[in-house]
Amino acid sequence: MKYLFPILLLLIAACSQPKIEVVTSTESESWVVGGLAKTTSSKENVDAQIVRTDTLQTIDGFGTCFNELGWTSLQRLSQEDRDGILQELFQPGVGANFTICRMPVAANDFAEKWYSYNETEGDFEMKDFSIANDKKSLVPFIQNAQKYNPELKIWASPWSPPQWMKYNKHYAAKSLLGDSLNMSDKNAKDITVIGNGLPLDRQGKEGTDMFIQEPDYYKSYALYFTKFIEAYRKEGIDIFMVMPQNEFNSAQVFPSCTWTAKGLTTFVGQYLGPAMKELNVDVMFGTMERGNEALVDTVLTDVDAKKFVSGVGFQWAGKESIPGIHKRYPDLTLYQTEQECGDGKNDWSKCVYSWGLIKHYLTNGANAYMYWNTSLDAGGISTWGWQQNSLVSVDTTDNTFQYNHEYYLLKHLSHFVQKGAKLLRTTGSFDNMLAFKNPDDSIILVVQNELKENRQLNLKLDGTYISVDLKADSFTTLKVE
């Protein structure tokens, strides 16, 4: 009996020790499961403290975007490879666990060509509305993702209205001179980029409304959104939210349309908002790609529009305005809507830069974080000549693929952080990390070691002390249960 009590104490102590799962990625090795992390009795040299009750905003999820060149690149692969990628991205518990994704309303910069759902000028009743083009690409792309996650949430925004609804009668807002532009990349064959045909004297500019500011056009465009929602529902795809315009300050060579905040406020408050309410579809203001908080205030203080606006979406330079908006509207839903897109090289330096973006958005109130290009041919050249990064790159020579660094970085969060998790505040001298509490009460810590040598990190989680060895220039996720 004299040995029984000490044995019981040891068993109780062992059972009370948290289970710690560790995954690490470096430039040379991605997603290495296992690593040295242990609880310790030492209370010395604690670098950071986390208290599970010190919660911040709720996380709605992580995701990517469905666009045409994403699907055409995946079509180069065997069905087995393509299905494997979609399973990895979307099936719960397998890989990235993506839960919330974006799609365009008609053509965008990574479409195969310019198109809208109705180019019949003056068809205010939308009799000729059709998503026939989407049935070749976007619809099957989304439907194949839904096979692995039927609960996937999808929201949408247009890059441009139909041409006839714009003052310049053209899908673009900035001229791309010449009939074509040849671009080449070491990872891609020569590609002929489509010239957009917009004359210089019909260009748009920031701070102006390119959409025709008349009631018949507003009303018809709201109907255009309604038809879009209804058409996709017939395909088994339920769009839960829309934003009225992608990057409404940016005049681009690809499909785009500048608006003033006042013009969008009128559209949202008097036309789009009521139309979407009838369909039980949310409206968020955005996408905001400027640091000018007053643009958001315009819609949030309007007596009509504010009734329908459930949140705001930010991307690119919009990151400068999210801290102030979150401070003044602390209960407002905020989405990071498009990660900055890189240069098509998919290198480690862009991955490190992306970590800074993720930290910035989440620590300033973002409830969701989304990547842009899911998959592209190697080199990432768009139809209109912009090279961008993607989660997956497809080699067009031998029709093989690879997951890129930024995919694994996003997976370091999305694989572990559950929908409904809470961001946790962290304190201490070490702040290069994000902490979350999942609905199942597990704690997720995502840490970067930016140093060029290994280091030990000492953490205090509630009353538990944890020591973890971090590889040089790495990202590490710890799941503590």
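Bear in mind that the values here come from a model prediction, so they are computed numbers and not experimental data.
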> Keeping Ser321 on the side-chain end and Arg290 on the backbone end, is there a donor-acceptor pair under 3.5 Å?
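Judged by distance alone, yes, a pair lies under 3.5 Å.
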> Kindly say whether Thr397 contributes a backbone atom to a donor-acceptor pair with the side chain of Asp395 at under 3.5 angstrom?
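Judged by distance alone, yes, a pair lies under 3.5 Å.
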> Can you name the residues that form a ring pair (Phe, Tyr, Trp, His ring centres under 6.0 Å) with Tyr115, not counting sequence neighbours?
none
> Is a donor on one side and an acceptor on the other found under 3.5 Å between the side chain of Asn196 and the backbone of Ser175?
no
> Quick one: list whatever passes salt bridge (charged side-chain N to carboxylate O under 4.0 Å, His left out) with Asp473, sequence neighbours left out.
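Result, salt bridge (charged side-chain N to carboxylate O under 4.0 Å, His left out) vs Asp473: Lys452.
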> Which pair of heavy atoms, one from Leu86 and one from Ala145, lies closest together, and at what distance?
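So the two residues come closest at CD1-N, 4.4 Å.
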> Check whether Phe240 forms a cation-pi arrangement with Lys153 (NZ or CZ under 6.0 Å from the six-membered ring centre, at most 45° off the ring normal).
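Verdict for Phe240: a cation-pi partner in Lys153.
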> Taking only residues two or more places apart in sequence or in another chain, which ones pass side chain to side chain donor-acceptor pair (under 3.5 Å) with Asn246?
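Partners of Asn246 under the side chain to side chain donor-acceptor pair (under 3.5 Å) test: Arg102, Thr287, Gln315.
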> Is it true that a side-chain atom of Asn454 and a backbone atom of Ala472 form a donor plus acceptor pair closer than 3.5 Å?
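At least one qualifying donor-acceptor pair exists.
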> Please step through salt bridge (charged side-chain N to carboxylate O under 4.0 Å, His left out) for the pair Asp441 and Arg52, ending with a clear verdict.
CA-CA 9 Å; Asp441 210 40; Arg52 69 177 65 231; 3.2 Å; yes
> With sequence neighbours left out, what residues match His326 under ring pair (Phe, Tyr, Trp, His ring centres under 6.0 Å)?
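With sequence neighbours excluded, His326 shows a ring pair (Phe, Tyr, Trp, His ring centres under 6.0 Å) to no residue whatsoever.
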> Are the side chains of Ile20 and Lys38 in contact, using a 4.5 Å heavy-atom criterion?
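SC-SC contact between Lys38 and Ile20 ruled out.
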> Identify each donor-acceptor pair in which a side-chain atom of residues 42-51 lies under 3.5 Å from a protein atom, sequence neighbours left out, and give them as a table.
| residue | atom | partner | partner atom | Å |
| --- | --- | --- | --- | --- |
| Ser42 | OG | Glu44 | N | 3.3 |
| Asp47 | OD2 | Asn458 | N | 2.8 |
| Gln49 | OE1 | Thr427 | OG1 | 3.0 |

> Identify whether the distance between the nearest side-chain nitrogen and carboxylate oxygen of Glu29 and Lys471 falls below 4.0 Å.
yes
> For residues 61-86, pull every pair meeting salt bridge (charged side-chain N to carboxylate O under 4.0 Å, His left out), keeping only residues two or more places apart or in separate chains.
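Those involving residues 61-86 are Arg76-Asp377.
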